[in-house]
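Predicted model only: the values in this text are computed from it and were never measured. Side chains are part of it too, since the values below use all heavy atoms of this structure and drop only hydrogens, waters and symmetry mates. Chain letters run A, B, ... following the sequence lines, proteins first, then strands; residues in each count from 1.
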There are 2 protein chains.
Amino acid sequence: MAQQPDTVTRILDTAEVLFAERGFAETSLRNITSKAKVNLAAVNYHFGSKKALIQAVFARYLDPFTFRFHAALDELEARHEGGVIPLEELLETMARCVLEVPAERNSLKVFMRLLGLAYSQAQGHLRRYIQEEYGSAFSRFTELVRLATPELPDAERFWRLHFMLGTVIFTLSGLDALRDIAEQDYGERVGVRDLVRRMRPVVVAAMNAPLPESLHTQQEAG
Amino acid sequence: MAQQPDTVTRILDTAEVLFAERGFAETSLRNITSKAKVNLAAVNYHFGSKKALIQAVFARYLDPFTFRFHAALDELEARHEGGVIPLEELLETMARCVLEVPAERNSLKVFMRLLGLAYSQAQGHLRRYIQEEYGSAFSRFTELVRLATPELPDAERFWRLHFMLGTVIFTLSGLDALRDIAEQDYGERVGVRDLVRRMRPVVVAAMNAPLPESLHTQQEAG
DNA sequence: CGTGATTAGAAACATTTGTTTGAATGTGGC
DNA sequence: GCCACATTCAAACAAATGTTTCTAATCACG
């Protein structure tokens with residue numbers, strides 16, 4: 001019988017699945033420890049608190065991701081020798097890095113769902129943690145996108161990037177439910193990579209869409 | 001001094017704000033009742049349970065929305081006399097209905113955040129409730145979109161609609177945080193209607209994007 | 001007024017939560 | 001063997017949760 005992974009890994013493996021399925025507040029430490037066949041106190045012993053466990057779950061994905069991502073951007077910049085990197089290559093690179101990291105554990109679904117939760121769940125500590133630890137990678141990416149889309153006003157590019165972030169996170173984090181509907185209605189079993197392929201022309205077209213008509217300022221309350 | 005609204009309304013008003021800010025599980029009935037200056041037992045008395053309160057919060061938005069939406073689609077269909085309704089008009093109509101309903105209470109932000117939570121938070125009872133109560137409106141809309149985009153394969157249109165749903169819900173439900181960043185970085189205070197105006201060309205371009213390159217592994221199997 | 005139904009209120013209920021404790025067990029070095 | 005250390009474990013902790021109960025107040029109306 002294959003040797004069980006150690007306690008810390010078992011906790012992380014179980015926690016990320018339960019968090020992804022039910023959210024942070026809805027997942028108790030007893031849920032995690034019982035399913036992981038680990039003593040309840042082990043979480044506080046190894047991680048210190050539930051908050052720290054949540055951050056550790058994220059770090060296990062984001063640390064290798066940012067490492068790969070920075071390396072890929074380094075390579076991309078070197079290949080273009082200081083010139084402008086085309087938008088499609090930037091998007092392609094980001095997509096590749098996002099796909100590669102969880103591929104090792106076949107847990108892309110979990111990774112995406114966690115990203116979605118990081119945005120949607122309150123968890124102020126999580127937002128702060130992610131921003132402080134991994135904000136630089138995102139800043140670097142947006143700066144490269146800026147160089148690749150000089151015709152876009154800064155604010156417009158900012159919003160469009162977040163529009164597309166919404167597309168990706170929303171779709172991939174709700175993948176299971178959507179996939180069931182799609183399979184049932186269209187008899188087509190889609191994988192994550194099918195979806196990424198479908199997203200590519202959509203994202204590119206969205207980023208290159210014409211500017212909104214009237215940019216005259218209009219007031220609005222509330 | 002303006003007369004206080006009755007207990008039921010005070011509970012709903014307070015609950016929707018707290019739910020939108022912190023999520024369902026993170027908002028306790030005591031949070032709600034104390035802020036609403038209402039007795040704790042009032043929630044269970046008037047609504048029956050916390051789950052029922054959550055559903056009531058959604059119903060207060062979705063009931064008038066679906067009513068208006070169906071009426072607007074009726075009017076649109078009548079105006080086109082059985083002909084095809086252009087995609088832009090469909091999107092415009094949906095956007096208008098979404099904007100109109102919460103406008104009465106200046107709570108579009110809350111409405112959008114609630115929609116985002118309905119997707120991201122587990123709350124199986126909520127998904128089921130929304131699907132059963134309001135699924136028909138969405139079905140009707142998607143059917144009209146199908147007629148408006150006959151060149152799109154059904155599966156492709158399904159996914160693109162959800163891509164755009166992600167764009168809208170993700171952006172508008174995380175509006176506060178994003179708005180702060182945008183204001184700080186670009187000195188531009190955006191309102192919800194500014195965002196909708198920015199989204200319009202993006203959504204249209206996304207729906208009209210070219211098909212993904214290789215659809216070679218498309219199987220008919222069931 | 002008075003009577004009966006409806007609503008408000010304070011207190012208690014049983015669970016569940018994250019966390020801490022202190023003893024038991026295991027592990028590696030000398 | 002023996003010691004120091006790290007880890008596991010069962011138990012208990014205080015606090016918070018949704019819900020229920022029962023009494024008091026309020027209202028509608030004959």
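- Distance Arg30(B) CZ to dT17(D) P: 7 Å, rounded to the nearest Å.
- Whole-Å rounding puts the Ile32(A) CD1 to dT19(C) P distance at 11 Å.
- Side-chain contact between Leu99(A) and Leu108(A) is present, with at least one heavy-atom pair separated by less than 4.5 Å.
- Relative ring orientation between Phe24(A) and Phe58(A) is described as tilted, the plane-to-plane angle lying within the 30° to 60° band.
- Annotation: cation-pi pair Arg105(A)/Tyr61(A) present, NZ/CZ under 6.0 Å from the ring centroid and within 45° of its normal.
- To the nearest angstrom, C1' of dA10(D) lies 18 Å from NZ of Lys37(A).
- Between Gly48(A) and Thr7(B), it is Thr7(B) whose nearest contact on DNA chain C lies nearer the 5' terminus.
- The shortest distance between side-chain heavy atoms of Lys50(B) and Val43(B) does not fall below 4.5 Å.
- In this structure, Ala42(A) reaches neither bases nor backbone, as no heavy-atom distance under 4.0 Å exists between it and the strands shown.
- Side-chain N/O atoms of Ser28(B) include one lying less than 4.0 angstrom from OP1 or OP2 on dT17(D).
- In this structure, Thr33(A) reaches neither bases nor backbone, as no heavy-atom distance under 4.0 Å exists between it and the strands shown.
- Within the 6.0 Å centre-distance limit, the rings of Phe158(A) and His162(A) are counted as a close aromatic pair.
- For His46(B), no side-chain nitrogen or oxygen approaches OP1 or OP2 of dT6(C) to under 4.0 Å.
- For the pair Asn39(B) CG and dA12(C) C1', the interatomic distance rounds to 13 Å; values are reported in whole Å.
- Rounded to whole Å, the distance from CG on Leu40(B) to P on dT7(C) is 18 Å.
- With rounding to whole Å, Leu29(B) atom CG is found 6 Å from dT19(D) atom P.
- DNA chain D is contacted by both Ala41(A) and Tyr45(A); Tyr45(A) maps to the nucleotide lying nearer its 5′ end (nearest heavy atom per residue).
- Ranked by how close their nearest DNA chain C nucleotide is to the 5' end, Asp6(B) and Asn31(A) are led by Asp6(B).
- The CZ-P distance, from Phe47(A) to dT20(C), rounds to 16 Å in whole Å.
- Atom pair Arg22(A):CZ and dT16(C):C1' shows a separation of 13 Å (rounding to whole Å applied).
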